[in-house]
Enquirer: 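After the structure tokens below, expect a handful of questions from me.
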There are 2 protein chains.
Amino acid sequence: MFSKSCEYAIRAVVFVATQNNAGNKLGIMEICKEIDAPQHFTAKILQSLSHNGIISSQKGPSGGFYLNKTQTRLKLIDVVRALDGDKTFTGCGLGLKNCSEKKQCPIHNQFKVVRDELLNMLSNTYVVQLAEEIEKGSAVLSNISGR
Amino acid sequence: MFSKSCEYAIRAVVFVATQNNAGNKLGIMEICKEIDAPQHFTAKILQSLSHNGIISSQKGPSGGFYLNKTQTRLKLIDVVRALDGDKTFTGCGLGLKNCSEKKQCPIHNQFKVVRDELLNMLSNTYVVQLAEEIEKGSAVLSNISGR
DNA sequence: TATTCACATGATTTTGAAAACATAGAATGC
DNA sequence: GCATTCTATGTTTTCAAAATCATGTGAATA
Ligand code: FES
Ligand code: FES
């Protein structure tokens, strides 16, 4: 559904959001350990997000990744768009080059419903609201038990 | 969303269904030309489908791929399951190893809705009904114009 | 029964996402 | 200023999906 980059990104951003109230910034190692993701790969992803203004970063000792005031209003769609673009919501289910009403594949009408539902879901889900799930303990960000 | 194999498979199966009433079997070259898919790769996919009883095949002169009586009742879900398994409907949206209510990721509840909608859609869509769209000319199976 | 046609099967190559590596550069605190 | 700690950037490696290549096997028909 989403690219690996996107999966790691969402997990990372949600984790950062859980720690954001306290005002502390999170280092890349800290994040990767928590969400059980490859360190170097995740670093690139977060740098890309930082570049796109999705998250903020701070260099130097006691630096790390965090969300500024504006960024705490982040929705899932913002993260997905920044990494996977919108091919997830505009691409053809059968892999045709252009998905349009004009020249459509046979599953277009049915597929569009599902695709739009996904778009709708991502557009209405806030990262901070997901972070709350983690804080409450009703959801996890990693397979590894005890984390 | 679906693997490339799966995309080609659906397009191929739908095309086979359009020609099935006439009772003629379709050769692999004929199919690939129509749906604009790589020949050898598609051949393997169709052989796999044939192996799984999704479609039928006939060797020798005037042989090819076709649907038998039972197979004309085929749903999309049958094709998807045969090639991609059901990881598409059971896998975690954030890439966690096991998706379950017990140990769920923060988007589980929202994602489940979309996933179930997709499963539902595929379970209620018949291949022959898609074939009709092609026959009516209201949908296409390839990017290439004039086909 | 030989020839031809079309699917079947296994090995191999290509491709691009995913991941790792190496190094540069910037900010903090002493 | 200098060491430390982190981000930033570019290159390389890995790996599995995607695609190709080469060869085998069964069926029709003359
Ligand atoms: S053309 Fe295939 S989904 Fe729109
Ligand atoms: S655990 Fe992530 S979707 Fe169910």
Side-chain angles (χ1 to χ4, degrees), chain A residues 1-13 16 19 23-33 35-68 80 83-85 87-88 91 94-95, chain B residues 1-13 16 19 23-68 80 82-85 87-88 91 94-95:
Chain A
M1 190 76 76
F2 306 119
S3 69
K4 229 73 181 107
S5 302
C6 202
E7 291 177 355
Y8 292 142
I10 295 175
R11 280 152 63 181
V13 168
V16 169
Q19 305 292 309
N24 46 345
K25 306 177 181 73
L26 297 177
I28 188 65
M29 293 222 294
E30 203 174 349
I31 294 173
C32 288
K33 197 169 185 183
I35 69 173
D36 188 31
Q39 177 178 344
H40 295 93
F41 188 40
T42 308
K44 293 217 151 180
I45 296 167
L46 292 185
Q47 280 148 25
S48 167
L49 286 181
S50 171
H51 200 75
N52 283 308
I54 304 290
I55 61 177
S56 304
S57 67
Q58 172 72 51
K59 289 181 179 178
S62 81
F65 294 96
Y66 65 100
L67 302 178
N68 66 26
V80 175
L83 291 170
D84 288 354
K87 62 172 186 289
T88 316
L94 296 188
Chain B
M1 191 76 76
F2 306 119
S3 70
K4 230 69 181 108
S5 301
C6 203
E7 291 177 355
Y8 292 143
I10 295 175
R11 280 151 66 181
V13 168
V16 169
Q19 306 291 309
N24 47 342
K25 306 179 180 73
L26 297 177
I28 188 68
M29 295 222 292
E30 203 174 351
I31 294 173
C32 289
K33 199 168 184 182
E34 178 68 24
I35 68 173
D36 188 30
Q39 177 177 343
H40 295 92
F41 187 40
T42 309
K44 293 219 146 176
I45 296 167
L46 292 185
Q47 279 147 27
S48 169
L49 287 182
S50 170
H51 201 75
N52 283 308
I54 305 289
I55 61 176
S56 304
S57 67
Q58 172 72 51
K59 286 184 181 177
S62 81
F65 295 96
Y66 65 99
L67 303 177
N68 66 27
V80 175
L83 290 170
D84 289 353
K87 64 172 186 287
T88 316
L94 296 187

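To find a chain, count down the sequence lines: A is the first, B the second, and so on, and within it residues start at 1. Just so you know, these numbers use all the heavy atoms, side chains as well, and skip hydrogens, waters and symmetry mates.
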Enquirer: How would you label the contact of B:Leu83 with the nucleic acid (heavy atoms, under 4.0 Å): base, sugar-phosphate, or nothing?
Expert: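 The answer is nothing, as B:Leu83 stays clear of every strand by at least 4.0 Å.
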Enquirer: Can you check the B:Lys25 NZ to C:dC5 P distance for me, whole Å?
Expert: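 Distance, rounded to whole Å: 18 Å.
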Enquirer: Would you name the heavy atoms of A:Arg11 and A:Asp36 that are closest together and state the gap between them?
Expert: NH2-O, 3.5 Å
Enquirer: Distance-only check: which donor-acceptor pairs under 3.5 Å involve side-chain atoms of residues 38-46 of chain A, not counting sequence neighbours?
Expert:
{"unit_1": "A:Thr42", "atom_1": "OG1", "unit_2": "A:Pro38", "atom_2": "O", "d": "2.5"}

Enquirer: Which is true for A:Ile28 with a 4.0 Å heavy-atom rule: it touches a base, it touches only sugar-phosphate, or it touches nothing?
Expert: sugar-phosphate
Enquirer: Using side chain to side chain donor-acceptor pair (under 3.5 Å) as the criterion, list what pairs up with B:Ser3, not counting sequence neighbours.
Expert: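 Partners of B:Ser3 under the side chain to side chain donor-acceptor pair (under 3.5 Å) test: B:Asp84.
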Enquirer: Minimum heavy-atom separation for A:Tyr66 to A:Gly64, with atom names?
Expert: CD2-O, 3.9 Å
Enquirer: Provide, to the nearest angstrom, the distance between the CG atom belonging to A:Leu49 and the C1' atom belonging to D:dA8.
Expert: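 To the nearest whole Å, that distance equals 14 Å.
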Enquirer: Just how far is it from atom CE of B:Met1 to atom OG1 of B:Thr88, taken to the nearest 0.5 Å?
Expert: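 It comes to 9.0 Å.
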Enquirer: What is the minimum heavy-atom distance between B:Leu49 and B:Ala9, and which atoms define it?
Expert: CD1-CB, 4.0 Å
Enquirer: For each nucleotide in nucleotides 20-30 of chain D, reading 5' to 3', give B when a protein heavy atom comes within less than 4.0 Å of its base, S when such contact involves only the sugar-phosphate, and - otherwise.
Expert: BB---BBBS--
Enquirer: Where do B:Phe65 and B:Ile28 come nearest, in terms of heavy atoms and distance?
Expert: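 So the two residues come closest at CE1-CD1, 4.3 Å.
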Enquirer: Roughly how many Å is it from NE2 in A:His51 to C1' in D:dT7, rounded to a whole number?
Expert: 13 Å
Enquirer: Can you give the donor-acceptor pairs under 3.5 Å from side chains of residues 50-62 of chain B to other protein atoms, not counting sequence neighbours?
Expert:
{"unit_1": "B:Ser50", "atom_1": "OG", "unit_2": "B:Ser57", "atom_2": "OG", "d": "3.4"}
{"unit_1": "B:Asn52", "atom_1": "ND2", "unit_2": "B:Ser48", "atom_2": "O", "d": "3.0"}
{"unit_1": "B:Ser56", "atom_1": "OG", "unit_2": "B:Asn68", "atom_2": "ND2", "d": "3.4"}
{"unit_1": "B:Ser56", "atom_1": "OG", "unit_2": "B:Gln71", "atom_2": "OE1", "d": "2.6"}
{"unit_1": "B:Ser56", "atom_1": "OG", "unit_2": "B:Gln71", "atom_2": "NE2", "d": "3.2"}

Enquirer: For B:Ile45 and D:dA18, what is the distance between atoms CD1 and P respectively, to the nearest whole Å?
Expert: 8 Å
Enquirer: For B:Gln47, check side chain to side chain donor-acceptor pair (under 3.5 Å) against everything at least two apart and list the hits.
Expert: none
Enquirer: Rounding to an integer number of Å, can you tell me how far A:Ile55 CD1 sits from D:dC6 P?
Expert: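 It is 16 Å, rounded to the nearest whole Å.
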Enquirer: Tell me the interatomic distance from B:Phe65, atom CZ, to C:dC5, atom C1', rounded to whole angstroms.
Expert: 14 Å
Enquirer: Strictly below 4.0 Å, heavy-atom distances to any atom of DNA chain D: list the hits from residues 2-10 of chain A, or just say none.
Expert: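 By residue number: none to list.
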Enquirer: May I have the distance from B:Gln47 (atom CD) to C:dG10 (atom C1'), rounded to whole angstrom?
Expert: 11 Å
Enquirer: Atom CE of A:Met29 to atom P of D:dT4: distance rounded to whole Å?
Expert: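 So the two atoms are 16 Å apart, to the nearest Å.
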